[in-house]
Each structure stands twice: as C-alpha cells, then as structure tokens.
J.: 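Pasting a structure below so you can have a look.
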Amino acid sequence: MSARKRFNAWLLGVLDGWFHRMVGERKAALLGGLRGTVVELGPGAGANLRYYGPGVRLIAVEPSAAMHDRLRAEAARRGVSIEVVRAFGEAVDLPDGRADAVVGTLVLCSVRDPAAVLATVRRLLRPGGRFVFLEHVAAPSGTPIRWLQAALHGPWRAVFDGCHPDRETWTVIERAGFVDLHLERYDAPTLAWPIRPQIAGYATAPTRDNP
Ligand SMILES: C[S@@+](CC[C@H](N)C(=O)[O-])C[C@H]1O[C@@H](n2cnc3c(N)ncnc32)[C@H](O)[C@@H]1O
C-alpha cells in the first residue's frame with residue numbers, strides 16, 4: 001500500500017467534518033430515502049454511511065485498500081451492513097441489475113474514465129433503479145473560478161489523488177441514457193473556490209414502460 005494512498009485516507013478523515021458541514025444536508029436529502037441494495041462507488045472512508053436509512057445493504061466499491069479498514073469500522077459504528085469490493089468504477093465485477101440504487105459523491109472528479117463509470121452505473125442498476133450523485137464541477141467558462149481551476153489543475157491533481165477541479169461532469173451524466181434526470185447546480189458554501197461550483201441530483205434507469 002503506497003504512502004500516497006495512506007495519506008489520502010488520512011486526509012479524507014481530517015476533512016470529514018468539513019465536508020459534512022458543507023454538503024451534509026444535501027447528501028442526507030438524497031441518500032436518506034434509499035432502500036434495498038445500494039452500490040456506492042468510491043465511498044472513501046465511509047463519509048456517506050451516516051446518511052443511509054435503516055435496512056440498506058451497502059456494496060462499497062472502493063479501489064484504494066487504504067480506505068477499507070476505516071470503511072468497515074465506520075459501517076460497524078453506524079450499524080450499516082457492508083460488503084467491500086476492491087475495484088475501479090470503470091470495471092466492477094458484480095452482476096447486471098444488482099442494485100436498487102447506485103451512489104457516487106465527489107468521485108467522478110477523480111475517476112480515469114467518467115463515461116465508463118456511468119456505463120457501470122447503468123449496468124448495475126435494476127430497471128427503474130436510481131443513480132444519486134453529488135460532484136464538484138467546472139465553473140462556467142470565462143469566469144475567475146474557471147481560470148483558477150485551470151491554473152491549479154496540475155498541483156491539485158497531485159495533492160488530491162488525481163482529482164480534476166475543472167471537469168464538466170454534467171455532460172457525461174446527461175449523455176448516460178438515464179430517464180427523469182434531476183440535476184441542480186449550486187455554489188457550495190465554502191471559501192475553497194475550486195470546489196465551490198457543484199451539481200447534485202438523481203436519475204432513473206430506463207424501464208420497458210419508460211425507455
Ligand atoms: C474525494 S474521495 C470521496 C469520498 C466520498 N465518496 C465522499 O463523498 O466524501 C474520492 C474517492 O473515490 C475513489 N476513487 C478514485 N478513483 C476511482 C474509480 N475509478 N472508481 C471508484 N472509486 C474511485 C478514491 O479512492 C476515493 O475514495
């Protein structure tokens with residue numbers, strides 16, 4: 001396990017309370033109503049476990065082994081049933097239609113291939129299942145924050161484990177073939193300008209009646 005991966009696991013723990021204050025209310029509203037089998041992609045050290053309702057069976061797809069002990073400990077602390085799978089969201093060895101819901105928060109900024117991850121989300125969801133997302137994204141072109149995001153891109157990626165501060169993640173979600181996409185843009189209440197522009201929402205996997 002590399003020192004960098006251990007550093008990132010430690011950093012997520014340090015920043016946990018800050019993220020909770022910044023986006024906790026939104027996460028609680030999006031995640032609290034989910035039921036059944038939930039696949040979470042990139043759960044890190046388990047920041048979202050506090051928001052899940054009772055009875056959720058969580059399958060946590062987390063490529064960094066440095067997160068796994070913290071993730072299991074957080075699940076035990078919160079009484080959440082958990083199965084940890086070590087995989088990247090681009091290639092997850094779980095059966096089609098396994099999930100009632102798939103969750104990804106603050107993760108599409110870091111993955112290598114967002115379109116491939118969205119294809120996994122579609123594959124794992126049962127028809128009518130829900131994809132829930134919350135992401136920091138690129139600011140509108142020509143704005144000072146977009147300029148800052150571009151200027152910081154290299155060092156930001158190096159410090160924050162491959163995170164791209166200026167991804168237009170909404171375009172990939174819009175093209176992923178969901179129905180009933182609810183996507184809200186907002187400015188997060190933080191002075192950390194590069195991650196201030198955010199999107200959050202949910203979308204439904206197509207069914208025969210709603211293709
Ligand atoms: C910034 S953390 C977000 C943690 C948590 N989801 C949250 O909302 O605080 C990003 C997480 O995504 C994971 N990750 C990075 N690349 C990934 C990939 N290709 N597939 C799935 N997870 C990935 C990282 O290991 C890390 O745990």
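Because the structure is predicted, anything quoted here is derived from the model rather than measured. For ligands, and for the atoms within them, numbers begin at 1 and follow the listed sequence.
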J.: May I ask you to list the atoms of ligand 1 that are less than 4.0 angstrom from any heavy atom of V107?
T.: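 Ligand 1 atoms under the 4.0 Å threshold to V107: 12 (O), 22 (N), 23 (C).
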J.: Examine G89 against ligand 1 and note whether any of their N/O atoms are separated by less than 3.5 Å.
T.: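 The answer is yes, given that G89 and ligand 1 share an N or O pair closer than 3.5 Å.
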J.: Does R70 pair with E62 as a salt bridge, N-O distance under 4.0 Å?
T.: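 No, R70 and E62 are not salt-bridged.
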J.: Side chain or backbone, does M67 bring an N or O within less than 3.5 Å of an N or O on ligand 1?
T.: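 For ligand 1, there is no N or O atom that lies under 3.5 Å from one belonging to M67.
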J.: With the threshold set at 4.0 Å, does a side-chain nitrogen-carboxylate oxygen contact exist between E184 and R26?
T.: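 A salt bridge links E184 with R26.
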J.: Look only at interatomic distance and state if K27 has a nitrogen or oxygen under 3.5 Å from any nitrogen or oxygen of ligand 1.
T.: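 Right, the criterion is met.
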J.: As an exercise, identify every atom of ligand 1 less than 4.0 angstrom from a heavy atom of A47.
T.: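 By the 4.0 Å cutoff, the relevant atoms are 9 (O).
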J.: For ligand 1, which atoms have a heavy atom of E90 less than 4.0 angstrom away?
T.: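 Taking each heavy atom of E90 in turn, ligand 1 has 18 (C), 19 (N) under 4.0 Å.
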J.: Would R35 and D100 pass as an ion pair if we require N to O under 4.0 Å?
T.: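 Judged by the 4.0 Å cut-off on N to carboxylate O distance, R35 and D100 do not form a salt bridge.
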J.: Quick test: of every protein heavy atom, which one is nearest to atom 10 (C) of ligand 1, and how far off is it to 0.1 Å?
T.: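 Result: L106 O, 3.5 Å.
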J.: With nothing but distance in play, are any N or O atoms of T105 less than 3.5 Å from an N or O of ligand 1?
T.: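 N/O-N/O distance below 3.5 Å exists for this pair.
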J.: Please list, chain by chain and in numerical order, all residues satisfying salt bridge (Lys or Arg N to Asp or Glu O under 4.0 Å) with R185, sequence neighbours excluded.
T.: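 For R185 there are no salt bridge (Lys or Arg N to Asp or Glu O under 4.0 Å) partners, ignoring immediate neighbours.
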J.: Using a 4.0 Å heavy-atom cut-off, which part of P63 comes near ligand 1: side chain, backbone, both, or neither?
T.: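 The answer is the side chain of P63.
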J.: Look at atom 25 (O) of ligand 1 and say which protein heavy atom is nearest, naming residue and atom and giving the distance to 0.1 Å.
T.: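 The protein heavy atom lying closest is E62 OE2, 2.6 Å.
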J.: Find all atoms of ligand 1 within a distance of less than 4.0 Å from any non-hydrogen atom belonging to G44, and give their numbers and elements.
T.: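 Under 4.0 Å from G44, ligand 1 has these atoms: 27 (O).
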J.: Relative to the heavy atoms of S64, which atoms of ligand 1 are at a distance of less than 4.0 Å?
T.: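 That gives atoms 25 (O) of ligand 1.
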J.: Which atom pairs, one a donor and one an acceptor, fall under 3.5 Å between side chains of residues 149-161 and the rest of the protein, sequence neighbours left out?
T.:
unit_1, atom_1, unit_2, atom_2, d
Q149, OE1, A139, N, 2.9
Q149, NE2, V137, O, 3.1
Q149, NE2, P165, O, 3.1
Q149, NE2, P194, O, 2.9
H153, NE2, H164, ND1, 3.2
D161, OD1, K5, NZ, 3.0
D161, OD2, K5, NZ, 3.3

J.: R78 vs E74, test: salt bridge (charged side-chain N to carboxylate O under 4.0 Å, His left out). Steps then yes/no.
T.: CA-CA 6 Å; R78 303 274 176 193; E74 181 65 2; 2.9 Å; yes
J.: Is there a side-chain hydrogen bond (donor to acceptor under 3.5 Å, both in side chains) between E25 and Y51 once you walk through the steps?
T.: CA-CA 9 Å; E25 249 176 66; Y51 309 116; over 6 Å; no
